[in-house]
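Only one structure is covered here, and it is reproduced in the block below.
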Amino acid sequence: MQYSHFLHQLRACAKTRSQLQGKKLHAQIIKIGLEQWEPLPNNLIDMYGKCGLLHAALHLFDELPQRDPVSWASILTAHNQANLPHCTLSIFPNMFTFDRLQPDNFVFATIFKACGSLGAVKQGKQIHAHFVLSPFSDDDVVKSSLVDMYSKCGQLDDAHWIFDSISWKNSVCWTAMISGYARNGRSSEAIELLQRMPVKDLFSWTALISGIVQSGDSSDAIKLFVQMQREGIRIIDPFVLSSVVGASANLAALELGRQIHCLVVVFGYESSVFVSNALVDMYAKCSDILAAKDVFDKIPKRDVVSWTTIIVGAAQHGKAEDALTLFDEMVLAGLKPNEVTFVGLIYACSHVGLVDKGCHLFNSMTKDYRINPSLQHYTCLLDLLSRSGHLDDAENVIKTMPFDPDEATWAALLSACKRYGNSQRGIGIANHLLSLNPQEPSSYILLSNTYASAGMWDYVSKVRKLMAVTAVKKEPGYSWVDLGKESWVFYAGKTACQVKEEIVGLLKDLDMEMKRRGYVPDTSFVLQDLEEQEKEQQLFWHSERLAVAYGLLKAVPGTVIRVVKNLRVCGDCHTVLKFICSIVGREIIVRDANRFHHFKDGKCSCCDFW
DNA sequence: TTAGGGTTAG
């Protein structure tokens, strides 16, 4: 009687994640002397794991006189719960070696979940073979965990094959399969599956929408979110909201983001730290850094992602001092920065030329916070050094770092070579890159651009031919302007826009006024072998200029023009936009592939250093 | 005691 009461209470604590209540119960159980009564020990482990007290769970597990598969399932689940899937996999073999036990269906499901989180498909497949030969090979829950594992590892055929073999498909396995297709860019198959699903719930819709956001089709995700609401799905948790806030961030659609922010308030999920963090990011990515800071200031309990998001936001808007101050505040608030925080911080230093500070932070990351620098951190460091002209030091980083450099690393160095007119070094690096990684499309593009900058057109055409042979395509440059109710996309060199004549007329007028004020086109940014006049024409038709002109024609007078470009803004366009903002007396904000440029009164917030 | 959906960089 007594122990069944405790059992019930322990399960309730595990369900509601009530740490304090759980500890009290444990104390009572010890006091009464029931701590060895089956099945209380395993339930205690389970309770501690679910309440996020892994150490307590481990302590009990180690002390158990006799462990069974339930004890193992509980402790393995506790590691998954604590977001330590690699630990789940590393302790799993002890089940055979120490306790001579075979996994049961619960253990299998937990292990496949861990493999899925880690993308450890090879290990997952090996254990899958054990599962097939086990007495549990018909278990639908385990099969469902396999569907999820293969989906997360991008092996959709395997996932679907297992999905088909599940006799009684519940909402969980449908969702795992939908999520797999959506995340891997196969949205039409994901949508089709959702349509076939007998009872669509908020989980499956969320999996679809968030997967599509992750695979990069944010506008489709927004349309599906609208459809979901039309179909009467009630939003009873905040998950889908953080995804659609993220979608508006990707689209740099400020007005849409504001509307979704209103929905967040209406549904009462302002207090969700996930949603708040997404909102901070959305406002920062939609170039409203003040609104981002406002949301951030109102978060009652900020976590490391909240701080990192605002630091990265400040950094991308060129507010390095703000980013560094925020970092000091974060540390004072007792939060430990993570690897992303340092990417933001070094990036901030890099973009304003704070070389010493950036190097100090890079060293502090290992020394003070025991974070091993990743390749990306080395790339940031290299960017920091090379942007400020320390090309030898930058090359030295490449030579001594414990990673093989990728194209981003070489891109940073190559772009600095161009900036500092060191074309010989650039060509050497590009050649080296080509010899190292001839399969990578970006390698060809880098090489081509480097030769073009040096005016070596024979080599450019040679590389272009190679690109054609290997079917490598350069991503076309495009820009879009967000006018709240509508947004227009412009590609370089053309427009099908109804007001094409007005756009061209306005750009011509502006061109004349700019030239009167001393503008000289910098045709070195045209990477094709053309006559000077043709090069100027190419620059004239760059997508960011078309988008800005459209914004000037259509936006409410006096408002900020917000433009997004998929590639980095070209150097000549950067000069032109400084002239234009001053001629028309408007603020223009351009988000390019790398950062934000706030053009105002003839100047840019990046101080021409980007 | 097991399985599905959310935020920060790139």
Side-chain angles (χ1 to χ4, degrees), chain A residues 10-11 14 39 42-47 49-50 68-78 80 103-114 116 136 139-149 151-152 162 166 170-180 182-183 201-211 213-214 237-246 249 269 272-282 284-285 299 303-313 315-316 337-347 374-377 379-380 406-408 593-594:
Chain A
L10 279 176
R11 285 179 180 162
N42 285 339
N43 275 277
L44 278 164
I45 294 171
D46 182 60
M47 179 276 294
K50 296 246 168 62
D68 59 15
V70 180
S71 333
W72 276 96
S74 302
I75 201 66
L76 292 169
T77 305
N80 279 351
D104 66 1
N105 45 343
F106 290 85
V107 169
F108 275 123
T110 309
I111 291 301
F112 294 137
K113 182 186 167 85
F136 309 100
D139 188 300
D140 281 350
V141 171
V142 182
K143 285 186 187 173
S144 182
S145 73
L146 277 166
V147 170
D148 184 53
M149 180 191 83
S151 287
K152 288 212 169 90
I162 294 164
I166 296 178
N170 65 8
S171 166
V172 176
C173 68
W174 277 98
T175 304
M177 198 63 246
I178 290 169
S179 172
R183 267 197 306 247
D201 58 11
L202 180 61
F203 259 74
S204 47
W205 273 101
T206 306
L208 177 72
I209 292 169
S210 68
V213 174
Q214 283 165 37
D237 65 39
F239 284 61
V240 74
L241 291 172
S242 34
S243 278
V244 287
V245 171
Y269 292 113
S272 156
V273 74
F274 272 88
V275 175
S276 303
N277 293 346
L279 283 168
V280 172
D281 184 54
M282 181 275 291
K285 290 218 168 82
I299 301 177
D303 65 8
V304 60
V305 177
S306 324
W307 285 95
T308 302
T309 308
I310 193 71
I311 287 171
V312 169
Q316 290 184 330
N338 67 17
E339 65 284 2
V340 185
T341 323
F342 280 99
V343 171
L345 289 168
I346 302 168
Y347 178 99
S374 67
L375 174 59
Q376 201 179 349
H377 294 107
T379 304
C380 281
D406 67 1
E407 66 271 14
N594 225 6

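The chains referred to below are lettered A, B, ... by the order of the sequence lines, with proteins before strands, and numbering in each begins at 1. Computed from a prediction, not measured in an experiment: that's the story for all the values here.
- Side-chain atoms of A:Ser272 come within donor-acceptor range of the base of B:dG6, with a qualifying N/O pair under 3.5 Å.
- For B:dG4, the base is stacked against the aromatic ring of A:Phe203, per a cut-off of 5.5 Å between centres and 30° between planes.
- Using a 4.0 Å heavy-atom cutoff across all strands shown, A:Asp281 reaches sugar-phosphate atoms only and no base atom.
- Evaluation of atom-type donor-acceptor distances gives no pair under 3.5 Å for the side chain of A:Asn277 against the base of B:dG6.
- A:Asp46 and A:Lys50 are joined by a salt bridge, as a carboxylate oxygen and a charged side-chain nitrogen come within less than 4.0 angstrom of each other.
- In terms of polar N and O atoms assigned as donor or acceptor, the side chain of A:Asn170 comes within less than 3.5 Å of the base of B:dA3 in a complementary pairing.
- Aromatic stacking is marked for A:Phe106 over B:dT1, as both cut-offs hold: 5.5 Å for the centres and 30° for the planes.
- Closest contact between the side chain of A:Gln316 and the listed nucleotides B:dT1, B:dG10, B:dG5 involves B:dG10.
- With 3.5 Å as the limit, one finds a donor-acceptor pair spanning the side chains of A:Asp68 and A:Asn42.
- The side chain of A:Val305 approaches B:dT8 more closely than any other nucleotide in the set B:dA3, B:dT8, B:dG10.
- Residue-to-nucleotide contacts include a donor-acceptor pair under 3.5 Å from the side chain of A:Asp201 to the base of B:dG4.
- The A:Leu202 side chain lies nearest to B:dG5 when the options are B:dG5, B:dG4, B:dT8.
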